[in-house]
Number of protein chains: 2
Amino acid sequence: MGSVPSRKPTSFDIAYLAGVSQPTVSRALRNSPSVSPATREKIQQIAKELNYKVDKNASSLRSQQSNTLALLFFEDPTPDDSHINPFFLSMLGSITRQCARKGYDLLISFQQLSGDWHTDYQDSHRADGIILLGYGDYEDYRDRLTHLVEQGTHFVRWGLAGTDEPGLTLGSDNRGGGKKAVQHLLENGCRNIAFIGTASSHAPEFEARWLGYCDALTEAGIAVDPALQRDGISSEESGTEAVQSMLASGQKFDAIFAASDLIAIGAMRAVQDAGLKIPDDVAVVGFDDIPASSMTAPPLTTVTQDLKAAGEALVTALLQQISGEKVESFALPVNLMIRDSSAASKA
Amino acid sequence: MGSVPSRKPTSFDIAYLAGVSQPTVSRALRNSPSVSPATREKIQQIAKELNYKVDKNASSLRSQQSNTLALLFFEDPTPDDSHINPFFLSMLGSITRQCARKGYDLLISFQQLSGDWHTDYQDSHRADGIILLGYGDYEDYRDRLTHLVEQGTHFVRWGLAGTDEPGLTLGSDNRGGGKKAVQHLLENGCRNIAFIGTASSHAPEFEARWLGYCDALTEAGIAVDPALQRDGISSEESGTEAVQSMLASGQKFDAIFAASDLIAIGAMRAVQDAGLKIPDDVAVVGFDDIPASSMTAPPLTTVTQDLKAAGEALVTALLQQISGEKVESFALPVNLMIRDSSAASKA
DNA sequence: CTGAAAGCGCTTACAG
DNA sequence: CTGAAAGCGCTTACAG
């Protein structure tokens with residue numbers, strides 16, 4: 001009686017009950033090989049009975065590592081309570097689970113593309129490394145990445161892999177995905193394929209998808225027509241406006257490859273509002289496979305990214321970087337998910 | 001030279017440079033009123049120059065509070081890489097922002113409805129309190145809540161508010177929302193209104209929506225017909241199966257009130273697959289207003305919950321509880337968002 | 001308003 | 001395999 005204190009137990013309490021020193025308790029609970037099996041078992045048994053949990057703060061302070069990663073979402077024009085891009089949200093589950101599997105906690109935050117949050121998490125020892133997810137103007141963003149690299153911050157970013165941009169970057173095979181999407185439209189007999197999405201260094205992933213679009217057209221012997229391209233960020237409004245603009249200009253088009261599903265969904269709406277049929281008059285293909293894509297009318301054909309693999313790869317790469325391994329940026333393969341928005345053949 | 005160390009600066013470094021003691025640095029950086037303005041300014045200036053950040057682990061260890069909250073998502077039947085319920089995902093942004101506003105970090109985790117994670121976060125001092133979000137069998141869940149209460153864990157839960165269930169619970173006015181939805185259908189001339197969703201103590205929120213359904217019918221002098229009710233969890237499959245079952249049974253119905261949007265979306269698909277028109281043959285109303293609801297064909301009428309207010313209320317209530325204030329459970333108001341799935345009048 | 005002292009609860013060399 | 005000692009970087013009484 002009285003041997004089990006009512007305040008939260010510490011390793012000293014366990015040590016006292018087990019008749020060993022406090023450091024031995026610490027070792028036993030971390031499964032150090034330098035503790036005899038008998039002692040270890042006894043200690044772990046007592047710890048369990050007392051419902052003892054190692055104090056994370058003390059442990060992190062002493063060992064100088066937090067076993068925590070920070071996930072930073074950001075979007076460039078951040079309306080006050082903006083919805084996060086659903087694509088990134090879908091990655092959240094996979095990232096969280098992979099962190100748990102590796103014994104890491106995950107801290108999350110939303111950020112404006114401003115302020116000095118970048119290094120804060122690591123400088124304050126709240127996280128050992130950072131995962132960056134977001135769309136935004138890449139030209140604004142690059143400086144910050146460079147700064148992070150200079151500060152020695154551990155981070156990994158979802159973006160356009162395979163370039164010489166600062167820091168570790170994983171991403172999908174955007175160019176290959178764009179090519180697959182457009183080849184599919186070509187096979188279905190489409191010849192005037194529009195592209196919606198800003199294709200510039202400000203949006204490198206969209207630019208890569210655009211390059212894939214060009215690849216497919218060029219291989220098919222079709223000239224890339226600037227009149228069939230419209231700029232746009234990833235939003236339904238962008239898609240709607242782009243289609244309205246093309247319709248107003250009298251531009252002929254029998255298909256749309258949108259740089260993202262949100263754009264595609266907005267585009268479909270504008271097409272249908274104009275009294276045109278999808279896919280008979282205009283076939284539509286998106287990119288991302290967000291949850292809503294399977295629920296639109298008609299369901300949207302799109303380029304799917306393997307979010308489970310992506311989330312796991314981000315966490316794994318970051319942990320490797322933290323542990324001092326050399327990690328290379330790389331691209332993950334993508335697949336075309338064919339649904340009704342492009343399914344009918346026109347040939 | 002040499003006065004600025006190359007390792008990460010500590011409060012001792014600042015103290016040395018400012019010519020004061022280390023505790024004074026600590027006070028100045030936390031804006032303690034017991035530091036002279038001049039000293040405070042000088043210290044903060046130096047801290048900024050050195051890019052000094054208070055070590056979170058040391059601070060938390062010493063003060064015995066982490067300034068961190070944990071957000072636990074869970075779903076009962078957890079397929080391996082299940083999508084999280086989009087409704088909860090939508091709340092994430094608001095919760096995160098409110099935490100940031102209050103100076104708290106947010107830790108997130110997905111959990112099975114098993115294991116001993118409940119108190120882990122608090123016992124290990126990783127978080128000062130827990131936000132629980134999830135659907136699941138409430139009957140299984142209640143014991144765990146009771147246990148949490150007994151352990152003195154600080155937590156708040158999104159669920160059915162206003163009952164005498166264990167712990168602090170915030171939620172929407174589910175019953176009022178259900179009533180609004182069904183009144184709307186009645187106003188549009190519907191008379192055989194089906195309800196899809198398990199209405200039992202295993203799913204208290206669905207049950208409350210069902211009670212709202214009954215309220216509206218009863219007020220309109222229409223008897224509640226058990227043949228028009230089908231059980232179902234929150235998934236598209238449930239909705240599809242329920243509609244198929246009703247069609248197969250020959251049951252007449254001219255409207256469906258689904259206990260969630262996911263159910264409603266699955267139900268709409270089954271209705272359309274059967275060659276029936278929405279809303280002319282069957283009007284459909286859901287609950288939640290998930291992002292996909294505005295993108296379905298036709299767009300789904302649904303009961304919207306104020307997610308921004310909900311997220312803020314969860315965080316605020318939890319922080320109040322942590323600080324020892326007495327907090328009461330309460331329900332947030334809901335609104336009916338009328339879209340095309342119910343818009344046509346039949347009267 | 002400021003400083004000297006203590007201590008939060010661990011982990012990690014270092015000895016034995 | 002185990003223990004005594006030190007120390008991670010702060011915050012908080014306690015004095016003055």
Side-chain angles (χ1 to χ4, degrees), chain A residues 5 7-44 46-47 50-68 103 105 120 122-128, chain B residues 5 7-44 46-47 50-68 103 105 120 122-128:
Chain A
R7 49 175 188 74
K8 181 124 36 94
T10 71
S11 53
F12 283 94
D13 298 318
I14 314 278
Y16 175 79
L17 291 172
V20 297
S21 71
Q22 178 271 331
T24 297
V25 171
S26 176
R27 293 188 189 101
L29 294 176
R30 282 174 299 117
N31 288 312
S32 158
S34 71
V35 171
S36 77
T39 308
R40 184 195 354 268
E41 211 124 302
K42 184 175 181 185
I43 289 171
Q44 293 188 338
I46 295 173
L50 294 198
N51 199 26
Y52 168 79
K53 295 288 172 345
V54 174
D55 186 293
K56 185 81 186 302
N57 298 125
S59 166
S60 296
L61 172 60
R62 179 55 236 249
S63 65
Q64 296 290 66
Q65 57 165 20
S66 62
N67 281 311
T68 300
D105 279 338
D120 280 17
Q122 191 166 333
D123 286 350
S124 62
H125 277 163
R126 285 185 289 182
D128 300 326
Chain B
R7 46 174 191 77
K8 181 122 36 98
T10 71
S11 52
F12 283 93
D13 298 318
I14 315 277
Y16 175 79
L17 291 171
V20 298
S21 73
Q22 178 271 333
T24 297
V25 171
S26 176
R27 292 187 191 103
L29 294 176
R30 282 174 300 116
N31 289 312
S32 157
S34 71
V35 170
S36 76
T39 309
R40 179 188 8 260
E41 210 124 302
K42 184 175 180 185
I43 288 170
Q44 293 189 339
I46 295 173
L50 294 199
N51 200 27
Y52 168 78
K53 295 289 173 340
V54 174
D55 186 295
K56 186 81 186 303
N57 298 126
S59 166
S60 296
L61 173 59
R62 180 54 236 251
S63 65
Q64 295 291 65
Q65 58 166 16
S66 63
N67 282 309
T68 299
D105 279 337
D120 279 16
Q122 192 166 333
D123 286 349
S124 63
H125 276 163
R126 286 185 290 181
D128 300 325

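The figures here come from the full heavy-atom set of this structure, side chains too, leaving out hydrogens, waters and symmetry mates. Note that the structure is predicted; figures quoted are calculated from it, not measured. The chains referred to below are lettered A, B, ... by the order of the sequence lines, with proteins before strands, and numbering in each begins at 1.
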Next on the checklist: Taking Watson-Crick (N1-N3 plus N6-O4 or O6-N4) and G-U wobble (N1-O2, O6-N3), each under 3.5 Å, can you produce the dot-bracket string of DNA chain D? Use [ ] for crossing pairs and | for inter-strand ones.
Outcome noted: |||.||||||||.|||
Checklist entry - How about B/Asp128 and B/Gln122: do any of their side-chain heavy atoms sit closer than 4.5 Å? => result no
Checklist entry - Would you say the side chain of A/Ile46 lies within less than 4.5 Å of the side chain of A/Ile43, judging by non-hydrogen atoms? => result no
Next on the checklist: Please give me every residue in residues 26-38 of chain B whose heavy atoms get under 4.0 Å of an atom in DNA chain C, ordered by residue number.
Outcome noted: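 Within this stretch, B/Arg27, B/Pro33, B/Ser34, B/Val35, B/Ser36 sit under 4.0 Å of the strand.
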Any chance the side chains of [X] and [Y] put a donor and an acceptor closer than 3.5 Å?
X       : Y        : result
A/Lys56 : A/Thr68  : yes
B/Asn57 : A/Gln64  : no
B/Arg40 : B/Ser36  : no
B/Lys53 : A/His125 : no

Checklist entry - Using a heavy-atom distance cut-off of less than 4.0 Å, which residues of residues 54-61 of chain A contact DNA chain D? => result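 Contacts with DNA chain D under 4.0 Å: A/Leu61.
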Item to check | Contact interval (first through last nucleotide) of DNA chain C with protein chain A, 4.0 Å heavy-atom | outcome: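 With heavy atoms of chain A under 4.0 Å away, the range is C/dG9 to C/dA13.
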Next on the checklist: Counting neighbours of CD on B/Gln65 that are heavy atoms of other residues, nucleotides or ligands and sit closer than 6.0 Å, is the number greater than 12?
Outcome noted: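 Counting neighbours around CD of B/Gln65, more than 12 heavy atoms of other residues, nucleotides or ligands fall under 6.0 Å, so yes.
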Item to check | Most 5' of B/Ser63 and B/Thr39 on DNA chain C, judged by nearest nucleotide | outcome: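 Mapping each residue to its closest nucleotide by heavy atoms, the 5'-most match is B/Thr39.
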Checklist entry - In Å and rounded to the nearest 0.5 Å, what is the OG to OH distance from A/Ser21 to A/Tyr16? => result 15.5 Å
Checklist entry - Which heavy atom of B/Asp123 sits nearest a heavy atom of A/Lys8, and at what distance? => result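 In this case the closest contact between B/Asp123 and A/Lys8 is O-NZ, 3.2 Å.
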Checklist entry - Taking all non-hydrogen atoms of both residues, which atom of B/Ala47 and which atom of B/Ile14 are closest, and how far apart? => result CA-CD1, 3.7 Å
Checklist entry - Can you name the residues that form a side-chain contact (heavy atoms from CB on, under 4.5 Å) with B/Ser11, not counting sequence neighbours? => result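 Here the qualifying residues are B/Gln22, B/Val25, B/Tyr52.
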Item to check | Closest-nucleotide 5' rank along DNA chain D - winner of A/Gln22 and A/Arg40 | outcome: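 Result of the comparison: A/Arg40.
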Next on the checklist: Does this structure show an ion pair linking A/Asp105 with B/Arg126, if we count only N-O contacts that are shorter than 4.0 Å?
Outcome noted: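 Yes, this pair counts.
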Checklist entry - Among all residues two or more places apart in sequence or in another chain, which pass the side chain to side chain donor-acceptor pair (under 3.5 Å) test with B/Ser63? => result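 In terms of side chain to side chain donor-acceptor pair (under 3.5 Å), with neighbours along the sequence ignored, B/Ser63 is linked to no residue.
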